[in-house]
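Below you'll find the structure, written out as structure tokens, and then a few comments.
In what follows, every chain begins at residue 1, and chains take the letters A, B, ... in the order their sequences are listed.
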Number of protein chains: 2
Amino acid sequence: MRDLRTSNRARVLRRLYFDGQFSRHELAGATGLSQASVSNVVGELVEDQVVVEAGLVGSDGGRPRVLLRVNPDHACVVGVDVGETHVLVEVFDLTLRRLAMSTFQMDTIANRGEAVVERVLAGLDQCVEDSGVDPGRILGVGVGVPGLVERGSELLVHAQTVGWNGVPLERMLRAGTDLPLFIDNGANTLGQAEMWFGAGRGARNAVIALIGSGVGASVIADGVPYRGASGGAGEWGHTTLSLDGRPCRCGAHGCLEAYIGAKGVLGRHREAAGLPPEIVDEEVALRELLAEDSQAAREVLEETARYAGAGIGNLINLFNPERVIVGGWAGLILGEQLLPAIREVAAKHALHHPYQQAKISLCELGTESVAMGAATLPVAEFLGAGGVRSAALMRPTG
Amino acid sequence: MRDLRTSNRARVLRRLYFDGQFSRHELAGATGLSQASVSNVVGELVEDQVVVEAGLVGSDGGRPRVLLRVNPDHACVVGVDVGETHVLVEVFDLTLRRLAMSTFQMDTIANRGEAVVERVLAGLDQCVEDSGVDPGRILGVGVGVPGLVERGSELLVHAQTVGWNGVPLERMLRAGTDLPLFIDNGANTLGQAEMWFGAGRGARNAVIALIGSGVGASVIADGVPYRGASGGAGEWGHTTLSLDGRPCRCGAHGCLEAYIGAKGVLGRHREAAGLPPEIVDEEVALRELLAEDSQAAREVLEETARYAGAGIGNLINLFNPERVIVGGWAGLILGEQLLPAIREVAAKHALHHPYQQAKISLCELGTESVAMGAATLPVAEFLGAGGVRSAALMRPTG
DNA sequence: CGCCTTATTTCAAGATGTGATTTAACCCAG
DNA sequence: CTGGGTTAAATCACATCTTGAAATAAGGCG
């Protein structure tokens, strides 16, 4: 009994959130509830101002239907993208339209957890002020971080590449804000954004394959993010694709990342061209490589497509997804040109049947989607609680 | 309201099924229900004879607790293992103790769907007679098949290796029995058996890695089998581990199966020894290889451990499981000797954090567990329905 | 034998879903 | 402009279910 009403509210609310406007009558059909129950539930939701009426739709001779929709201004959420060299804070309304943003570049966040926290809190204050929202309406703050999030007795962030080794980010942020905090791997939050609003809409099983300097993946299984036993699932970049192959920064050999990560692609090119390693702007270098009209460049790119295609083939064989969504800054640059070749290779390496099911495409949202995806976390909590601030959304003090 | 009682019955029943005996009092704590509700629910379950009282436990001065347990004789289930060269039918009581079995060897089931159906039905009749159970008490028949099960408008079995290309097994069996049918990939049913009664007990995230002539995996994510978009998830054997490596029977190159499948191991050995390919009893040959005291054999086995370890490392990186359970007839033979080496290699290829979470061990149940796991399917349905024959368990006719 | 402790059942109240019925709102023909 | 027709939404009465509290059951122990 306790949470029957809650779950029915959640059903109705989710439908309205993701599938737009419905009348009470249509909601009954869509949610499987009786019309009487929908009436009751909607009545509560309207009274709570979570849902508002959005006009009438006349019909051929009957009482017009009253369309309902989620009230975007009922509450707002904050999304934070902690990248390896920047901190981005954004405020959204309930439907994730951006109200304000604040961005800050850093040389590196390596070993600078305190500075990151400071920037996040400053950006939060700034954004709230700029957007003019009532702080009491903020459902929570979602934070995407560039590493593994371990949920033990305390939430710890492990981001090897920037020297974060068990950073208690939640506790550190908690010292500066009372808002509910939701912290997850940035790859997962980006994936979540694509699932809600991008290339993953409508899919229940998808893999978002992210290629940047590093390589990772976000897995959605049966509609929910799959995190594994300790939040470490989806480490696609360090799967072995070529036993005893190129050395990888993780210490192993033959990892996918060593071939298709931006550093791997550029490194292979410089080796092929007989040049010494050099520190460059990777994004510029990658674009130059794609534009370069040389045998060496073509070969490196062809090989990149072969590795990426085989890697995606592996994802298809193991996860049998409806969608494989390629993203990450390097993934988008490479994908634009190489996607047809990648599809071809994946088709060769994946089994016929699962390959048929999988649509391989590029991410549709920009790189800001890490913050937007982070902001989905408090929204998801809110929807699941049927449009009420659940325990997880209660501010610890008052 | 509709299924609140059902879900509470299911909660109580599952607890009793998987965690043994409880008093009503303890059940209240364990399920989160109030004592009054537990009393009501248990009252119904006892009246339905799904649950029986199992004696008293005295205490220091209070009313003794009445222990409850699932009634093994309330119902029974049938499990069928359709292998590439045999059909095994077993009858179990509700707690999956075997009551009877019937096995039948075939040269091959290739292109012999009709013959398989005939043997399954004959075995079913035989077993029911041998066990003396009332056919009306049979909850259903679970069938594990050696291939992919596609659940579309009609259930179709695709088993490439035996030439089954869209065999409508459910319809074919339906012609010979009214019992509810549950058909799944044999790898999945075996995995299910290990999760309920074997090496996977208590884990919520696990991968069962099966090595036989072919290689596959069964993935359990958050306690439920993960099947992907169309039942084709877990095709571990055809993930690429060595780009452009050994040719695989699937047509691609460098598949894991080409290295660690029984055929792959034996083939590599014969090549290393400079012998021509030969048709042999693979199991015997594999045992001989393990016993052989030669440089060539040692190298082949060492290489096998390296491939298997890297393959398992990939599973760990992608799924972050609590357990990796190695099985399959060849997996058990190889694993017994190579498991330490495999663990070592996996540790090198997997990232540190997810590797730490994963316990790598061997299957605990014998090869009959395919049939037993198949039998868990109707039981799971029964438990989920709160100990009632749900729609899925209703016999189509009367 | 009666008090104490603990387990289970009973009871009354409150919450909720649902089918049937009623009311609301609008179209349109006459 | 009025009344019938039509569809949407609200209301009602009832059945179901959970639950905290109180009552009852069952045994130990002084």
Taken in chain and number order and not counting sequence neighbours, the residues that satisfy side chain to side chain donor-acceptor pair (under 3.5 Å) with A:Arg15 are A:Asp19
Report the distance from atom [atom1] of [X] to atom [atom2] of [N], rounded to the nearest whole Å.
X	N	atom1	atom2	result
B:Arg65	D:dG28	CZ	P	14 Å
A:Arg9	C:dT16	CZ	P	10 Å
B:Asn8	D:dT19	CG	C1'	12 Å
A:Asp3	D:dC17	CG	C1'	13 Å
B:Leu4	D:dA15	CG	C1'	14 Å

Identify whether the distance between the nearest side-chain nitrogen and carboxylate oxygen of [X] and [Y] falls below 4.0 Å.
X	Y	result
B:Arg201	B:Glu364	yes
B:Glu322	B:Lys359	no
B:Glu44	B:Arg5	yes

When B:Val77, B:Leu377, B:Val388, B:Leu139 are each screened for side chain to side chain contact (heavy atoms under 4.5 Å, CB included) with B:Phe382, the one that passes is B:Leu139
*Hey, is the main chain of A:Val50 close enough, under 3.5 Å, to the side chain of A:Asp48 for a donor-acceptor pair?*
no
Main-chain N/O of B:Leu96 paired to B:Asp93 side chain as donor or acceptor, under 3.5 Å: yes
List every contact pair, protein side and nucleotides 26-30 of chain C side both N or O, where the distance is under 3.5 Å.
unit_1, atom_1, unit_2, atom_2, d
C:dC26, O2, A:Gly61, O, 3.2

**Residues touching DNA chain C, which here means a heavy atom under 4.0 Å, drawn from residues 14-26 of chain B** =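 Under 4.0 Å from DNA chain C: B:Ser23, B:Arg24, B:His25.
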For residues 32-42 of chain B, the side chain to side chain donor-acceptor pair (under 3.5 Å) pairs (sequence neighbours left out) are B:His25-B:Gln35, B:Ser34-B:Ser37
In numerical order, the residues of residues 34-51 of chain B whose heavy atoms come under 4.0 Å of DNA chain D are B:Ser34, B:Ala36, B:Ser37, B:Asn40
Give a yes/no on whether any side-chain N or O of A:Arg5 is located under 4.0 angstrom from OP1 or OP2 of C:dG17.
-> yes
- Item | Separation of B:Glu53 CD from B:Leu56 CG (nearest 0.5 Å) |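 Those atoms lie 8.0 Å apart.
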Discussion item. For B:Gln49, I'd like to know if atom CD has over 12 heavy atoms of other residues, nucleotides or ligands within 6.0 Å.
Written reply: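 No - once you tally the heavy atoms of other residues, nucleotides and ligands closer than 6.0 Å, there are 12 at most.
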Difference in axis direction between the ends of the helix from C:dC1-D:dG30 to C:dG30-D:dC1, five pairs, 10°: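 Taking the rotation axis at each end, their angle is 20°.
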Worksheet item: Going through the checks in order, is the side chain to side chain contact (heavy atoms under 4.5 Å, CB included) test met by B:Phe22 and B:Val12?
Response: CA-CA 10 Å; B:Phe22 285 93; B:Val12 167; over 6 Å; no
Subject >> Pair A:Phe18 and A:Phe197, ring centroids less than 6.0 Å apart >> reply: no
message: Using side chain to side chain contact (heavy atoms under 4.5 Å, CB included), reason through B:Ser23 and B:Val66 one step at a time and then give a plain yes or no.
response: CA-CA 5 Å; B:Ser23 69; B:Val66 179; 5.8 Å; no
